[in-house]
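Just so it is clear: chains get the letters A, B, ... in the order the sequence lines come, proteins before strands, and each one is counted from 1.
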Amino acid sequence: MFAFTYQRPEALSDAVGALAADGEAKLLAGGQTLLPTLKQRLAQPSALVDLSRIPGLVGITRTAEGLAIGAMTRHVEVASSPVVREVIPALADLAGGIGDVAVRNRGTLGGSLANDDPTADYPAAVLALNAIVVTDRREIPAGDYFRGLFETALEEGEIITRVDFPQVECAAYMKFRNPASRYAMAGVFVAKTAAEVRVAVTGAGQSGVFLWTEAGEALTSDFSPQVLDTLTPDPDELMSDLHGSAAYRAQLVKVMAQRAVEKAAR
Amino acid sequence: MTQAHVSVQTQDSAQARHNASATIAISLTVNGRAVSAVVEPRTLLVQFLREALDLTGTHVGCDTSQCGACVVHLDGEAVKSCTTLAVQADGRAVTTIEGLAQGTTLHPMQEAFREHHGLQCGFCTPGMIMSAVDLVARFGPGLDEPTIRDNLDGNLCRCTGYHNIVRAITAGAQAMGAPRDLAAE
């Protein structure tokens, strides 16, 4: 790792100030992606601003619309939360399947979203559930938030404080893990409301997480796995690498989507 | 309580970039002992444990958060100490493999690994045992095989094929739940 300085502010305004004062400073949430990135010298921040001691960034609250989850809430807390289990059980399932136990004990919701890795799990839930990413300065609807590989709508120095997840009729997340890295090669989150069905896909898209609108429309008129039998996402939009071709990933997406529908309808 | 005043110096040619690589004073509890030290912010927890405190039972296997040889407990929860900064442990309690035994009496999970031969080369064993103890803390002593295998996916062993590790954890968990509980934490 290159050297950096370390700050641990105890107020959100101080963290915002630290980022504003130093354009090369980076936020440290759980560090489960950032620290490996630093160890490989793929990034060289001048300072790390640790969010762990700022009050109000951790916690899960039942709201009128669904759930409000603090940005520094760890995956283990979402996975084991009775409230999440009751309101959006698919979200607890998703959080419980991120990385491994030790990673879930450190990794956070906000960290995952700010990083926006194309194989991360949370982006699929945020997009399918049409959640709202709340920052220190505004509210960003999920549809505007994700902008491509590791690209988000976050401005320089903007800090995610919580995410508001609306409750839905039913939802489920299914993923196919790369057998070696355990990252999603295709992860599909299906969410059904009274008005529509949204299908978000992670791990497979060339430009990160995306809505598979064709599947969503078909499932809106008939919420059954069979309705996807004749649909496949366009392989031209999918990743092709040593782990699998785009056509292979397209098939995985279809199958994961069908399994998610089956699970959600149960 | 012993106060260990140590300073980890990680020499690095690229250090020049930020000449003023400010060090930070941290205080934490390691295996029940109060420790104060001055560290560089980039010092990893595993580096601090091994190089500053000479607690070399915690191993670095992959150094990419895959293998779990470096698992320790941070405030009682399993974490990968190769993917945690020492400064992140400031004010908190760390337990390493060295903190499990009571004197010359092995922790029931250590004893179970010995009894069931849950190791060959032994390199992954400290992490396996720390993850196993965490598993019992979360699920209780009556662990079934699927639960153990599921929850061990962050710990790699390249020798045993895992069968004896799973047997050892099953037995160790039962022993931890037994009335004559010798668990150190």
Side-chain angles (χ1 to χ4, degrees), chain A residues 1-10 22 24-53 72 74-77 79-80 93 96-108 111 177-183, chain B residues 10-24 26 39-45 47 62-68 70-92 127 130-132 134-135 137-139 150-156:
Chain A
M1 263 187 277
F2 294 115
F4 49 80
T5 59
Y6 174 80
Q7 296 172 50
R8 196 165 55 209
E10 293 185 1
D22 180 354
E24 288 183 54
K26 261 191 183 297
L27 294 174
L28 173 63
Q32 298 305 283
T33 301
L34 179 59
L35 295 180
T37 305
L38 297 185
K39 285 165 72 175
Q40 292 180 70
R41 295 189 165 180
L42 294 173
Q44 196 171 4
S46 56
L48 291 192
V49 180
D50 185 346
L51 296 173
S52 67
R53 306 286 165 100
M72 285 293 283
R74 299 172 299 150
H75 307 325
V76 62
E77 292 161 322
S80 60
D93 289 343
I98 299 172
D100 57 48
V101 174
V103 169
R104 293 195 289 275
N105 280 338
R106 302 286 299 155
T108 66
R177 288 181 172 87
N178 177 307
S181 76
R182 315 296 286 163
Y183 275 97
Chain B
T10 46
Q11 289 306 321
D12 196 310
S13 58
Q15 195 168 323
R17 183 175 179 271
H18 299 294
N19 268 334
S21 128
T23 52
I24 301 226
I26 58 171
V39 298
E40 268 198 88
R42 63 175 160 175
T43 307
L44 295 167
L45 179 57
Q47 226 177 333
C62 64
D63 210 12
T64 54
S65 28
Q66 310 276 324
C67 81
C70 68
V71 168
V72 301
H73 294 178
L74 186 60
D75 287 344
E77 295 176 322
V79 304
K80 293 188 166 169
S81 61
C82 83
T83 313
T84 306
L85 297 173
V87 288
Q88 291 178 292
D90 186 21
R92 306 178 68 176
M130 297 312 288
S131 288
D134 172 87
L135 231 171
R138 285 180 296 126
F139 293 97
D150 252 19
N151 283 275
L152 274 191
D153 72 344
N155 290 80
L156 301 182

> Answer with side chain, backbone, both or neither: which region of B:N155 has an atom nearer than 4.5 Å to a non-hydrogen atom of chain A?
neither
> Start with the C-alpha gap between A:S80 and B:R138, add the side-chain angles, then the distance that decides, and say whether side-chain contact (heavy atoms from CB on, under 4.5 Å) holds.
CA-CA 10 Å; A:S80 60; B:R138 285 180 296 126; over 6 Å; no
> Select one option (side chain, backbone, both, neither) describing which atoms of B:L152 are under 4.5 Å from chain A's heavy atoms.
neither
> Can you list everything that forms a side-chain contact (heavy atoms from CB on, under 4.5 Å) with B:D75? Sequence neighbours excluded, please.
B:R92, B:A93
> Which pair of heavy atoms, one from B:T83 and one from A:G31, lies closest together, and at what distance?
CG2-O, 3.8 Å
> Quick one, A:V101 and B:L135 - any side-chain contact, counting heavy atoms below 4.5 Å?
no
> Would you mind checking which part of A:R74 comes under 4.5 Å of any heavy atom in chain B, side chain (CB onward), backbone (N, CA, C, O), both or neither?
side chain
> Could you go step by step and tell me if B:L44 and A:M1 meet the side-chain contact (heavy atoms from CB on, under 4.5 Å) rule?
CA-CA 10 Å; B:L44 295 167; A:M1 263 187 277; 3.4 Å; yes
> Apply side-chain contact (heavy atoms from CB on, under 4.5 Å) to A:V103 and list each qualifying residue two or more places apart in sequence or on a separate chain.
A:Q32, A:D100
> Donor-acceptor check, side chain of B:K80 to backbone of A:R106, threshold 3.5 angstrom: yes or no?
no
> Of the backbone (N, CA, C, O) and the side chain (C-beta and beyond), which part of B:T84 lies under 4.5 Å from a heavy atom of chain A, both, or neither?
both
> Please name the pair of heavy atoms, one in B:P41 and one in A:Y6, separated by the smallest distance, quoted to 0.1 Å.
CB-CB, 3.6 Å
> Identify the two heavy atoms, one from B:L85 and one from A:L28, that lie closest to each other, and give their separation to 0.1 Å.
CD1-CD2, 4.1 Å
> What are the two closest non-hydrogen atoms of B:E40 and A:A3, and how far apart are they?
OE1-CB, 4.2 Å
> Does the A:R8 side chain pair with the main chain of B:V87, one donor and one acceptor, at a distance under 3.5 Å?
yes
> Do NZ/NE/NH1/NH2 and the carboxylate oxygens of B:E77 and A:R104 come within less than 4.0 Å?
no
> Supply the atom-to-atom distance B:I24 CD1 to A:Q7 CD, rounded to the nearest 0.5 angstrom.
9.0 Å
> Can you tell me which portion of B:D63 sits under 4.5 Å from chain A's heavy atoms? Options are side chain, backbone, both or neither.
both
> So which residue, A:A102, A:G99, A:P36, ends up with the most heavy-atom pairs under 4.5 Å with chain B?
A:A102
> Checking side-chain contact (heavy atoms from CB on, under 4.5 Å) for the pair A:K39/B:T64: CA distance, chi angles, key distance, verdict?
CA-CA 8 Å; A:K39 285 165 72 175; B:T64 54; over 6 Å; no
> Can you tell me which portion of A:L38 sits under 4.5 Å from chain B's heavy atoms? Options are side chain, backbone, both or neither.
neither
